[in-house]
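To keep things clear, I will list the structure first and then write my remarks on it.
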Amino acid sequence: MNWHMLLSIVLLVSLVNGIRRIRKLHAMRDMLVFLTIWGLAVITMLGDALEMPGMRPLDWIKAVMQPISAWMP
């Protein structure tokens with residue numbers, strides 16, 4: 001089994017567990033943040049699997065945090 005398949009399984013399990021736990025809390029902001037970061041992890045994994053150039057870690061953290069910090073009061 002290659003690393004991308006193993007990482008895909010881990011991401012799928014984390015999605016199911018994360019949504020189940022956040023749904024119990026009824027916290028839409030937490031769900032938004034979780035799904036955004038999870039989506040970035042999936043996009044990064046797919047980009048690596050397709051051997052595309054990726055963003056540096058601080059770049060994608062900045063890309064996530066700017067809209068969230070502007071949206072939150």
Side-chain angles (χ1 to χ4, degrees):
M1 182 185 311
N2 62 16
W3 286 107
H4 298 295
M5 186 61 81
L6 179 63
L7 187 56
S8 298
I9 293 169
V10 169
L11 285 172
L12 185 61
V13 169
S14 70
L15 176 67
V16 172
N17 286 337
I19 288 177
R20 188 179 316 147
R21 289 180 185 199
I22 295 172
R23 190 177 284 172
K24 288 179 185 178
L25 297 173
H26 301 288
M28 284 306 267
R29 183 179 61 191
D30 293 347
M31 182 73 77
L32 176 68
V33 171
F34 173 74
L35 291 176
T36 302
I37 293 173
W38 184 86
L40 283 172
V42 169
I43 290 169
T44 303
M45 186 215 42
L46 290 174
D48 186 54
L50 297 173
E51 297 179 0
M52 297 173 69
M55 295 175 67
R56 296 175 298 187
L58 291 179
D59 291 340
W60 66 263
I61 291 171
K62 180 180 176 184
V64 170
M65 292 309 294
Q66 280 182 341
I68 290 173
S69 63
W71 178 67
M72 292 174 44

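Residues: numbered from 1 along the sequence shown.
The CG atom of Leu6 sits 9.5 Å away from the CG atom of Leu11 when rounded to the nearest 0.5 Å. Rounding to the nearest 0.5 Å gives a distance of 13.5 Å between CZ of Arg20 and CG of Leu25. Taking CG of Leu35 as the start and CG of Leu40 as the end, the distance is 11.0 Å to the nearest 0.5 Å.
Residues Arg23 and Met31 share a closest heavy-atom pair of N-CE, 4.3 Å. Nearest heavy-atom pair, Ile22 versus Asp30, reported as atom, atom and distance to 0.1 Å: CD1-O, 3.9 Å. Contact record, Phe34 with Gly18: CZ-CA, 3.8 Å, taken as the closest heavy-atom pair.
Under the side chain to side chain contact (heavy atoms under 4.5 Å, CB included) test applied with Leu46, the options Ile43, Val42, Thr44 reduce to a single match, Val42.
Follow the hydrophobic side-chain contacts under 4.5 Å out from Leu7 and you reach Leu15 in the same cluster. A continuous path of Ile, Leu, Val, Met, Phe, Trp and Tyr side chains, each step under 4.5 Å between heavy atoms, connects Ile19 with Trp38, placing both in one hydrophobic cluster.
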